[in-house]
Every structure is written in C-alpha cells, then in structure tokens.
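Below is one structure; the comments refer to it alone.
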Amino acid sequence: MPAFRFVHAADLHLDAAFAGVSRDLPTRLADRLHRATFTAWERLVELCLAELPDALLIAGDVHNHEDGSLRAQVALRDGCARLAEAGVRVFIAHGNHDPLTSRVKSLRWPDGVTVFGPQVEAHPVTRDGRVVAVVHGVSHETDREGRNLAKRFSRAATVQALTQGTVQDVDVPSGAPQIGVLHCNVGTTPGSRDAGRYAPCTLDDLTATGLDYWALGHIHLPQVLRTRPHVVYPGSTQGLHINEDGPRGCQLVTVHDDGEVELEFRPLAPVRWQVVEVAIGTGGNGDEDNGAASFETLHGRILEAMERAAGDDAAAGAPSGMPSAFSPVEATLFRVVLHGRGPLDRHLRRPGVVEGLLEMLREAGASLAPLAWVKDIELRTRPDVDMDALRQRDDLLGEVLRVAAAARGLPEPPAGDPTVCPAGGLAAAPADGPPPHTSQAPAPAALRALAAAVLAPLYDGPRGRRFLGPTDALSPEDLAALLDDAERICCDMLEAD
C-alpha cells in the first residue's frame, strides 16, 4: 500500500489577540500581530497545496472563542474550499474554545470537509476507490468537556464508504493506518495548566484503542509524547504570548507502507516570541569578556543577542516545499532577561533605568530585519556582594540568608569559600550561561516546606487562590525564583551602605 500522508495542525486560534503586548506598538508591527493567526492559517493552506497530502487534520480550537468572528469563519471556510478543490480532505475536531454549542457550527462546509460531532465517528480516506486510512474523531460538545473521550475510540474493522453511488459497509485493510483526532489533556503534559478540565485522559487510554497515530490538540507546546503508537501535539500554529516562544507550526506526517511514521515539523508562525539572556559583571569566573561591566556594554550585548536571534530567523528561509515568497518570520517579540552579579545591579534597580533601556532597545529593534520589539526586561541580577560572608554573620540578615540556603538543601558554606554557596545560594554559572537561580536544581521538599509556612497566608486565602492559585501549584523553579527575590530584598533592606 502506498504511503499515507497528512498534515496535523491544531490550536489555530484565529483572530486571537496577543497577550501582554503594550498598546504603543509601531503601526506596522501592530498590523502584523493583528494578521498573524490568519497568516499562519493561510500558510497552512499553502503548505497543503504545495505538498498535496491525502488529508489535513485539525485537532480543535480553530477559533479563539465560542462565537468566532465572521472574519475568522470566512477565512476558515475559504481555505477549506481551496483544499477541497485540490483533492485534500479536511477533518476538523472542535475543542474547548470552539465547542459544538458555538456559532461556528452554522458554517456551510464544502464537500471534502468533515466536522466531527459529539460522538466518536470513523471516516475512510480513499484513493482510487480503495480505503487507505481511517480517521476517527470527536468534538467537544461544550466549553467544559469533562468526559474522557479517548476511551470511546476503538480500531475499526469496517467503515461506511460511498461505493458505486451508495453508502455501504466496507472492510478496512489490515495495513491501513487508523488515526484519532482529539482535543484533550494527556496526564500532566508539559505546557498544561489545566489538567483534568478538558477531555482528560492518559497515555494508556490512548494506547488501548489500537489506533496508530493520535493527532492531538490543546497543548500549545510542540511535543511527541510517545511513538508506536505516535501520540503527538503539533503545538499552536502561532504563539500568542511570551511563554509560547520559539518556532510554531504543524507536522507533515508520512505513514509508510511498513507502518513506520515519519514526522516533519513545518514552521508557520509569522511572529515569533524569543527570550534572550545577557549577563552583567564577570559572572563568577573572572572573564571580563563574558559579561557587561558597563551600561553601554550591556546595551550593546543585548542588541547583539537580538540581532543573532533575528538573523537566525531571517536565514531560515522558506520551509521545504513552500514557494520562495514564503517568509517564515516577519517580526520577533523579545523578552530580555538580565542575570549575573555586578555593580550594574544597583544601577539597573534605580527608578526609570530599566524603562529607559527598554525604550532604547525598542528604537534600535525597529531597524532590524525581521522587525524586532522588546516586550519587557526581566531582572534576575544580583548585587556585587560576598553572600557567603553575609550568611556567616551573627545578625538578622545572616539568619535570613541561612534559612534561604537551608531551603535549597545546600550545605553550610565554609568560611572564605564563596564559590560553595554564592549569591542566590546556587553554584556559580558562567556570565553567558543560564541565570543563577537555574544553574542548580532546587530542593523541592525544602522549598515547599518554606512556602507552606511563609506564602500560605497570601496564596491560600480565597482571593489568593482565585488570582494566584494554591502554593502547591508553584513549580520548584517558581519557588526558587521567589526565594532569590526575597534574598535580594532582604539584602537591600537589612544591609547598611
């Protein structure tokens, strides 16, 4: 049997607004952001027209909200019509953002487009009158779909197909791949903050169905959870905020006649989010060239990092199989993370300094190609002080820093050896490496014990749970970052100049 090829996409979120972006964007950047989700959809259609796969599978959240805008509905319908004319079947499963109760179900679809209903359905894909694959799917009936929909799937021995003008039951060839399309949470998948709320299931649930490939949606982070059978989240086609950084797109999937599955990620997003990290000071290894010892040097290092990221995007070129006019990235939105230890920490924390640096970077980014915009600057810097000596002092500041070190599960530092437990309580990192609080894994048990004692009044009250969530929802990295901030604030307030 010839190879079966399909494109797997999900979470288009057509007409979604970008989160956390200031209103003073340059006009040309604002226009690109406004068009970004539609541009990603247009690129998805163009990819299918260039590759001519057997089918396009969309695993939910095509629209960003229940009553998808008229513009979004028309764009979806018109794109599907182009694919249908080219002989590319389209299968759509609705998710929690566009459930069957929404207005989008009123669309009139062209022939060749299948929209799954609230019960699991199985549809054949035929080639020259033969069944070459079976696509199973189901849609969310409401925006709070709590059913374990995965358990309702099973491998099909026969399917209904149009044969000689009539619908008949036909046998499914044993080698034909069977694919499930589902918008769901799989366990505690990375990138999920709402496990258990939307069609929750487990990998075992998916494997037990006997299907060969699971085309999933809902988690915006591209990832392959399993192979044999393949369980795949393609991620969103366009990142919507800074936590959705890096390339975004879809998977081009080939199921070979021997059952082997080949995945090719294809980028689609016209706007990319990026995080760049720049160190201040010497970074603890004595190499002055690894950090920025002055404000002017720091500004230059940040621009260099942005230019490298923007240059990488521009050099990527058009994905394989796409027209040469296909531009992968039109604009990059940055978060700048400053880390390390040095005298610049005090300067950066003066009122208005970071805001001024942000304005300078935004002006410079307007001349880069692709267009660059700095969303914000995050300070993870530390003062240029001997934290080991401070921890050994017999005063309130010393006691606070010893408590912080104990919460990380680190040993009592010997006198005169600041590298054992430097600023932030972690091993020293190179100035051009990761931020100090990520250079060594925190001790979750100790950190959670401290959080339970100190943060519970803030996080675990009624208002705190509503806006912040419970303390047990904080990751070890979140807790370590809070502890780093607490150390810095205590040093500022308890250490006299």
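If you're wondering where the values come from, they're calculated on a predicted model, not measured in any experiment.
If you take CZ on Phe18 and NE2 on His241, they are separated by 10.5 Å, rounding to the nearest 0.5 Å. Taken from OG1 in Thr202 to CG in Asn148, the straight-line distance is 7.0 Å, to the nearest 0.5 Å. Atom-to-atom distance recorded for Gln119:CD and Glu141:CD is 7.0 Å, nearest 0.5 angstrom. Annotation: the span from Asp376 atom CG to Glu378 atom CD amounts to 7.0 Å, rounded to 0.5 Å. The line from CD1 of Ile302 to CG of Leu338 is 5.0 Å long, rounded to the nearest 0.5 Å. With rounding to the nearest 0.5 Å, the separation of CZ in Arg266 from OG1 in Thr237 is 15.5 Å.
Side-chain polar atoms of His183 and Asn96 form a donor-acceptor pair below 3.5 angstrom. In the model, Thr207 has no side-chain atom that pairs as donor or acceptor with a side-chain atom of Asp204 under 3.5 Å.
In terms of heavy-atom proximity, Trp41 sits nearest to Cys80 at CZ2-N, 4.0 Å. Here the shortest heavy-atom pairing between Leu49 and Ala86 reads CD2-CB, 3.6 Å. Nearest heavy-atom pair, Leu56 versus Val88, reported as atom, atom and distance to 0.1 Å: N-CG1, 4.0 Å. Smallest separation of non-hydrogen atoms from Val7 and Cys250: CG1-SG, 3.9 Å. In terms of heavy-atom proximity, Ala10 sits nearest to Leu216 at CB-O, 3.8 Å. The two residues Pro270 and Gln238 have their closest heavy-atom pair at CD-OE1, 2.9 Å.
Panel note: side chain Glu244, backbone Leu240; a donor-acceptor pair is recorded below 3.5 Å. Between the Arg301 side chain and the Val278 main chain, no donor and acceptor come within less than 3.5 Å of each other. In this structure, Trp273 contributes its side chain and Gly239 its backbone to a donor-acceptor pair below 3.5 Å. A distance-only check finds no donor-acceptor pair linking the side chain of Arg308 to the backbone of Leu303 [under 3.5 Å]. In this structure, Glu145 contributes its side chain and Gly95 its backbone to no donor-acceptor pair below 3.5 Å. The closest donor-acceptor contact from the side chain of His256 to the backbone of Asp258 lies at 3.5 Å or more, if one exists at all. In terms of modelled atom types and a separation under 3.5 Å, the side chain of Gln178 and the main chain of Ala156 share a donor-acceptor contact. Not one N or O on the side chain of Arg248 forms a donor-acceptor pair closer than 3.5 Å with the backbone of Ala269.
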Checklist entry - Would Thr209 and Ser154 satisfy side-chain contact (heavy atoms from CB on, under 4.5 Å), going step by step from the backbone distance to the final call? => result CA-CA 5 Å; Thr209 63; Ser154 62; 5.6 Å; no
Item to check | side-chain contact (heavy atoms from CB on, under 4.5 Å) evaluation trace for Trp373 with Val271 | outcome: CA-CA 11 Å; Trp373 174 262; Val271 176; over 6 Å; no
Item to check | Criterion side-chain contact (heavy atoms from CB on, under 4.5 Å) on His34 and Asp15, from CA distance to verdict | outcome: CA-CA 7 Å; His34 185 62; Asp15 218 5; 4.3 Å; yes
Next on the checklist: Between Thr101 and Asp143, is the side-chain contact (heavy atoms from CB on, under 4.5 Å) condition met? List the steps.
Outcome noted: CA-CA 8 Å; Thr101 54; Asp143 62 352; 5.9 Å; no
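Under the 4.5 Å side-chain criterion, counting only non-hydrogen atoms from C-beta, Thr114 is in contact with Arg89. The side-chain heavy atoms of Thr332 and Leu368, taken from C-beta on, include no pair separated by under 4.5 Å. Considering only heavy atoms from C-beta on, Cys184 stays 4.5 Å or farther from Leu149 through its side chain. Within the 4.5 Å cutoff, side-chain heavy atoms of Leu333 are placed close to those of Leu33. Inter-residue side-chain proximity for Asp98 and Asp61 is flagged as met; some heavy-atom pair is nearer than 4.5 Å. Side-chain contact check for Leu211 versus Pro229: every heavy-atom pair is 4.5 Å or farther apart. Leu361 has its side chain out of reach of Phe334: every pair of non-hydrogen atoms, C-beta onward, lies at least 4.5 Å apart. Contact annotation: the side chain of Val159 approaches that of Val170 to within less than 4.5 Å [non-hydrogen atoms, C-beta and beyond].
Aromatic rings from Tyr213 and Phe6 are positioned such that their centres are separated by under 6.0 Å.
Salt bridge Asp54/Arg5: absent, no basic N to carboxylate O contact under 4.0 Å.
Of the candidates His136, His123, His94, His123 is the only one forming a ring pair (Phe, Tyr, Trp, His ring centres under 6.0 Å) with Phe116.
Surrounding CG of Asp169 are more than 12 heavy atoms belonging to other residues, nucleotides or ligands, all under 6.0 Å away.
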